[in-house]
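Single-structure report; data block below.
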Amino acid sequence: MFFVARALARLGESMLPVALAAGLLRYGYGVGAVGLAMAASAAPFAGLVIFGGVIADRFSTRRLMIGADLVRLAAQSMAAALFFTGHVVLWQICVIGAVNGVAGAVFQPGVASTVPRLAADIQGANGAIRIAESAAQLAGPALAGVLVAFSSAGGVFVAHAGTYALSALCLLLLRVPPAAPGSRIHSGTFKADLAEGWWEFRSRTWLWAVIVIWCVYMISVWGPTVPLVATEVVQRHGPRAYGLINSALGAGTVVGGLLALRLRPRRMLRAGSFALLAFACFPAAVGAGFGVAAISAGAVLAGAGMSLWGVMWATSVQTQVAPDVLNRIHAYDVAGSLAMMPVGQALAGPAAGALGADHVLLVAGVMSLVVPVALLSVPAIRGLVRVDSAVPRSANTLAAPLGQARRPPGPRTTGARPPA
């Protein structure tokens, strides 16, 4: 049920950009309006997801996720009504997007803590979810295009609302096992829980170090790669070639998910860092002016490497962090990972104007090699030893009053956990 819910949610999310672009452009709005509508959803999500993590650790994550899906069902149904009736006003679309962003900030933190409670094989579950999400990412834009052609943008919003309805139904039917013995009941204030989440986050060197390095990755690699690859490929080879390359990238992420089902490295973040080196093939191939076949091959390798890293990272967080703080830790992870992506995207244009888009992409290719090396240079990251089940909160951590500093167990702080 959870697997289907995640696949449906990603399918709907991948349809949304097509619906917004087709709908707003049809009613006379420009590209800037489309970007504003998308930002209206992304900004509340990034700004509030940390608070969503605190809420998820205090209440039933399943109920919160169902509630968030129902809110988004109502919001997207309203958007569909606006497009079907022809009364499309930008500020109304932005308000609907903001509501979706807030609901997403409540929903997302619960994803991380639900997987360990449902799956005996946490890495395998993450690999399977990554495959489903990648397949949905491939199918969503194509399905949205068909719906726009045969119906309208309103039809896409109806379908998107339907994915939230089905996701909520799956989660409603889901029976989550009880929390692990020893999980603490949150009885402190909201502010205290927020502060504790920050303390738990910064006490793990491997965790905050990855996020700090990942911010550099977002600015120098992912942020500029997405818009510049699109413009360069479309200008040189046409939109069909760009669609083919995007499909190759999606196929690579499926391959990475399949590999994650089989490979069981003892040091997961070290293996994931090596896999991440493959992403350099994508921006470098475009920057070097290679043909569509070579770029597509690079995209497959890049997608596989990124997907394998994603599974290794998600599994490490879910197994190395105690269940009663996992939602907050995941929220800090999401917020930190997303914070710098808009910066990288904003800097892509000026950098391309000053250096040339091909040179910026070549720099992104070089940085795609530098970042994994930086990850491997941190002992706490490369030395983190896998565990195959969630870490219980230790007795000495439970005994400390909420307002006092807690000393987490050594292995969770340093990453030097003995093999399971």
Give a yes or no on whether the backbone of R386 and the side-chain of R266 come within a donor-acceptor separation of less than 3.5 Å. no
Between G155 and F84, the two heavy atoms sitting closest are N-CZ, 3.5 Å
Report yes if some heavy atom in the side chain of F2 is under 4.5 Å from a heavy atom in the side chain of M65; otherwise report no. yes
Between A280 and G365, what is the shortest heavy-atom contact and its length? CB-O, 3.4 Å
Backbone N or O of A380 within a donor-acceptor pair of the W206 side chain at under 3.5 Å? no
Going by atom type alone, with no hydrogens or angles, which donor-acceptor pairs under 3.5 Å involve a side-chain atom of residues 74-83 and a protein atom two or more places apart or on another chain?
residue: Q76; atom: OE1; partner: N100; partner atom: ND2; Å: 2.6
residue: Q76; atom: NE2; partner: H160; partner atom: ND1; Å: 2.8
residue: S77; atom: OG; partner: L73; partner atom: O; Å: 2.7

Taking atom CG of N126 and atom CD1 of I122, what is their separation to the nearest 0.5 Å? 7.5 Å
Is there a side-chain contact between L269 and L375, using heavy atoms and a 4.5 Å cut-off? no
So do the side chains of F150 and L147 get within less than 4.5 Å of each other, counting heavy atoms only? no
Check F282 against A302 and note the closest heavy-atom contact, atom names and distance. CB-CB, 3.6 Å
Considering residues at least two apart in sequence or located in another chain, which fulfil the salt bridge (Lys or Arg N to Asp or Glu O under 4.0 Å) criterion with R264? D121
Y29 side chain vs L90 backbone, donor-acceptor pair below 3.5 Å: yes
Kindly give the heavy-atom pair with the smallest separation between M312 and P265, and that separation in Å. SD-CG, 3.7 Å
Verify whether the ring centers belonging to F279 and W222 lie closer than 6.0 Å. yes
Step by step, would you call L16 with L20 a side-chain contact (heavy atoms from CB on, under 4.5 Å)? CA-CA 6 Å; L16 184 58; L20 284 173; 4.0 Å; yes
Indicate yes or no: at least one non-hydrogen side-chain atom of V363 is less than 4.5 angstrom from one of S220. no
For C94 and A40, which heavy atoms make the closest approach, and how far apart are they? O-CB, 3.4 Å
Considering only heavy atoms from C-beta outward, does the side chain of L166 approach that of V4 to under 4.5 Å? no
Are any of the side-chain heavy atoms of V216 and M367 separated by less than 4.5 Å? yes
Counterpart residues, side-chain hydrogen bond (donor to acceptor under 3.5 Å, both in side chains), relative to S316 (two or more places apart): none
Determine yes or no for a side-chain-to-main-chain donor-acceptor pair under 3.5 angstrom, with T253 supplying the side chain and S307 the backbone. no
Hey, does I213 have a side-chain heavy atom less than 4.5 Å from the side chain of V378? yes
For W198 and Y332, what are the C-alpha separation, side-chain angles and deciding distance, and is it a ring pair (Phe, Tyr, Trp, His ring centres under 6.0 Å)? CA-CA 8 Å; W198 170 249; Y332 278 109; 5.7 Å; yes
Taking the six-membered ring for Trp and the single ring otherwise, decide whether the centroids of W214 and W309 are under 6.0 Å apart. yes
Working to the nearest 0.5 Å, report the span between CZ of R6 and CG of L11. 12.0 Å
Trace of the side-chain contact (heavy atoms from CB on, under 4.5 Å) decision for H87 with Q92: CA-CA 10 Å; H87 298 292; Q92 295 175 342; 5.6 Å; no
To the closest 0.5 Å, what do you measure between CG (L228) and CG (L361)? 5.0 Å
Spacing of CD1 belonging to I329 relative to CD belonging to Q320, to within rounding of 0.5 Å: 12.0 Å
Using the side-chain contact (heavy atoms from CB on, under 4.5 Å) rule, take L24 and Y27 through it: C-alpha gap first, then chi angles, then the decisive distance, then the call. CA-CA 5 Å; L24 290 176; Y27 285 97; over 6 Å; no
Could you tell me the separation between the OG atom of S167 and the CG atom of L70, rounded to the nearest 0.5 Å? 9.5 Å
side-chain contact (heavy atoms from CB on, under 4.5 Å), that's the test. Do V311 and L259 meet it? Break it down for me. CA-CA 10 Å; V311 173; L259 289 173; over 6 Å; no
Say you draw a straight line from CG of L384 to CZ of R267; how long is it, rounded to the nearest 0.5 Å? 9.0 Å
R72 to F107, cation-pi by 6.0 Å centre distance and 45° axis angle: yes
Measure across A168 and D69 and return the closest heavy-atom pair with its distance rounded to 0.1 Å. N-OD2, 3.5 Å
Would you confirm whether R62, through its side chain, and L171, through its main-chain N or O, come within 3.5 Å as a donor-acceptor pair? yes
Mind checking whether V102 and V71 have side chains closer than 4.5 Å, heavy atoms only? no
Could you tell me whether a side-chain N or O of E200 sits under 3.5 Å from a main-chain N or O of L326, the two making a donor and an acceptor? no
Can you tell me which residue among V210, L376, L207 is in a side-chain contact (heavy atoms from CB on, under 4.5 Å) with I381? V210
